[in-house]
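Accompanying notes for the structure given below.
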Amino acid sequence: MTTVGFIGLGHMGGPMARNLRAAGHEVRAFDLAPGARDAARAAGITVVGSAAEAATGAQVVLTMLPAGHDVIAVYRGTGATPGALAAASPGTLFVDSSTIAVAEAHEAHALAVAAGHRFLDAPVSGGVVGAERGTLAFMVGGEADDVARATPLLEAMGSRVVHCGGPGLGQAAKVCNNMILGVTKIAVAEAFVLGERLGLSHQTLFDVASNATAQCWALTANCPVPGPVPTSPANRDYEPGFAGALMAKDLGLAEQAIDLVGVEARMGRLAREMYRQYAEGEGAHRDFSGIIRTIRDAGTQEGKR
Ligand code: NAD
């Protein structure tokens, strides 16, 4: 049994903390939002009064927070609020599962090490359903012995743990994966709109493309039109799933990484811009596959025959 300080009990962190508790670990949790604290308490989790209190006496401190600046604020403390790093016993393992920028993961790692602790970046894929079912995939950056130490905990919340390399490389794997997903989603959506205008049925295009070289998750699992894949959000008026706003966030982090290392990634940048616009409208709350409606609406009526 491990004593885990868990900070951030939202859509993802709430069920992750519950799964840790169900696996027999002692969880001492904190969230700024009273509703999140109440839900955790109702699930039998010990809720404490601050992030620093959650870190006190913990062997591992896990964060699942909205953004990089939240992680840094929790680690350092703000104003009169003490930080988790100063409250933790020397050698505590800090694991951040939030999706944050690669540069922010390096900063969090440096802060943790300077305070005498260990650090892993361990972002996830699998969404809220994966968090609830305990089937998340963890992409982990850090030292191998720390990964070994964290693995039993990560396996209580997920079904796959991939050690991607040194510090920051978990977040690197996450942004690269999601950049592929954002770009392929747009490509699939554009092809369906083109097929519609050329007179091709959705089912016919799906049957051809899903058995040919265009086969990909954005087509076969998250098909952007209703019909061919009954479980895809398109059949539920694009109820998420994975909201357009989260894809816009992740592509923003991909763009920061592109700028950091100076890569020519035109498709990634264009996908970032298209999802930024989508997230300002209905994509704030609709599944990211709903971007097909924006693409359809932007077309001309006549075209050039
Ligand atoms: P969320 O907004 O539902 O939860 C975040 C929680 O953190 C909130 O309850 C908030 O009150 C709390 N919080 C914020 N600042 C805090 C602080 N200083 N101290 C304590 N608590 C604080 O977000 P989420 O959907 O659970 O996502 C969490 C992270 O996981 C994000 O980085 C997100 O990008 C990533 N992620 C989300 C999904 C998804 O499908 N929701 C999938 C993969 C990764």
Side-chain angles (χ1 to χ4, degrees), residues 5-19 27-41 43 45 47-55 61-85 87 94-102 104-105 108 121-140 154 157-158 160 170-171 173-175 177-178 181-182 222 233 239-254 256 275 279 283-289:
F6 201 114
I7 303 157
L9 301 164
H11 291 98
M12 298 291 290
M16 289 165 72
R18 287 201 294 277
N19 284 332
V27 181
R28 294 163 48 78
F30 176 70
D31 193 293
L32 284 179
R37 294 200 296 269
D38 291 346
R41 229 179 257 116
I45 290 169
V47 175
V48 296
S50 68
E53 217 181 305
V61 175
L62 214 145
T63 39
M64 195 56 175
L65 296 163
H69 59 83
D70 300 310
V71 177
I72 303 295
V74 160
Y75 278 18
R76 276 199 168 126
T78 46
T81 310
L85 292 177
F94 280 74
V95 179
D96 178 43
S97 283
S98 327
T99 304
I100 69 175
V102 172
E104 291 167 329
D121 49 296
V124 300
S125 71
V128 177
V129 172
E132 281 166 356
R133 292 185 183 160
T135 56
L136 293 170
F138 286 87
M139 294 152 267
V140 189
L154 303 183
M157 300 178 285
R160 196 149 179 258
Q171 296 292 352
K174 170 88 183 171
V175 290
N177 179 75
N178 281 22
L181 179 59
N222 188 261
E239 185 189 304
F242 184 54
L246 285 174
M247 179 51 90
K249 174 197 165 179
D250 289 0
L251 287 170
L253 297 177
Q256 284 181 40
Y275 271 105
H285 303 294
R286 296 272 169 221
D287 189 72
F288 81 119
S289 58

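Whatever order the structure lists them in is the order used to number ligands and atoms, beginning at 1.
- Between Lys249 and ligand 1, at least one pair of N/O atoms sits closer than 3.5 Å.
- Leu32 N, 3.3 Å is the protein heavy atom nearest to atom 21 (N) of ligand 1.
- Counting heavy atoms of neighbouring residues, nucleotides and ligands inside a 6.0 Å radius, atom CZ of Arg160 does not exceed 12 of them.
- With hydrogens and angles disregarded, a donor-acceptor distance shorter than 3.5 Å links the side chain of Asp121 to the backbone of Gly170.
- For Asp287 (side chain) and Pro233 (main-chain N/O), no donor-acceptor pair under 3.5 Å exists by modelled atom type.
- Listed for the Tyr275 side chain is a donor-acceptor partner under 3.5 Å among the backbone atoms of Phe288.
- In terms of modelled atom types and a separation under 3.5 Å, the side chain of Lys174 and the main chain of Val124 share a donor-acceptor contact.
- The backbone N or O of Pro123 lies less than 3.5 Å from no partner atom in the side chain of Thr99, so there is not a single donor-acceptor pair.
- By the definition of a contact as any protein heavy atom under 4.0 Å away, atom 23 (O) of ligand 1 is not in contact.
- For Thr99, heavy-atom contacts with ligand 1 shorter than 4.0 Å involve the backbone as well as the side chain.
- Looking at Ile100 against ligand 1, nothing comes within 4.0 Å, counting heavy atoms.
- Atom 4 (O) of ligand 1 has its nearest heavy-atom neighbour, among Gly10, Pro15, Gly8, Ala54, in Gly10.
- Annotation for ligand 1: atoms under 4.0 Å from non-hydrogen atoms of Leu246 are 39 (C), 40 (O), 41 (N).
- A distance-only check finds a donor-acceptor pair linking the side chain of Glu104 to the backbone of Ala101 [under 3.5 Å].
- Every atom of ligand 1 is numbered from 1 in the order shown, and the set under 4.0 Å from a heavy atom of Ile7 is 20 (C).
- For atom 30 (O) of ligand 1, the closest non-hydrogen atom of the protein is Met64 CE, 3.1 Å.
- In terms of polar-atom proximity, defined here as any N/O pair under 3.5 Å, Val124 makes no such contact with ligand 1.
- Atom numbering of ligand 1 starts at 1 in the shown order; those under 4.0 Å from a heavy atom of Ala33 are 11 (O).
- Here is the list of ligand 1 atoms found below 4.0 Å of a heavy atom in Gly127: 40 (O), 42 (C).
- For Pro66, the heavy-atom gap to ligand 1 drops under 4.0 angstrom.
- Close approach of ligand 1 to Ser98 (heavy-atom distance below 4.0 Å) involves ligand atoms 32 (O).
- Annotation: Leu65 places an N or O atom under 3.5 Å from an N or O atom of ligand 1; distance criterion only.
- One N or O on the side chain of Gln171 and one on the backbone of Ser98 form a donor-acceptor pair closer than 3.5 Å.
- Inclusion of Asp31 in the set of residues having an N or O under 3.5 Å from an N or O of ligand 1 is warranted.
- Taking the six-membered ring where the residue is Trp, Tyr75 and Phe94 present perpendicular rings, their angle passing 60° and hence far from 30°.
- Here the CG-CG distance, from Asp250 to Asn178, works out to 4.5 Å after rounding to the nearest 0.5 Å.
- Regarding atom 26 (O) of ligand 1, its nearest protein heavy-atom neighbour is Met12 N, 2.8 Å.
- Atom numbering of ligand 1 starts at 1 in the shown order; those under 4.0 Å from a heavy atom of Val74 are 17 (C), 18 (N), 19 (N).
- Although no hydrogens or angles enter the test, the distance criterion places no donor-acceptor pair under 3.5 Å between the side chain of Arg76 and the main chain of Gly83.
- Counted within 6.0 Å of CZ on Arg41, heavy atoms from surrounding residues, nucleotides or ligands total more than 12; the atom is thus considered enclosed.
- Scanning all protein heavy atoms for the shortest distance to atom 3 (O) of ligand 1 gives His11 ND1, 2.7 Å.
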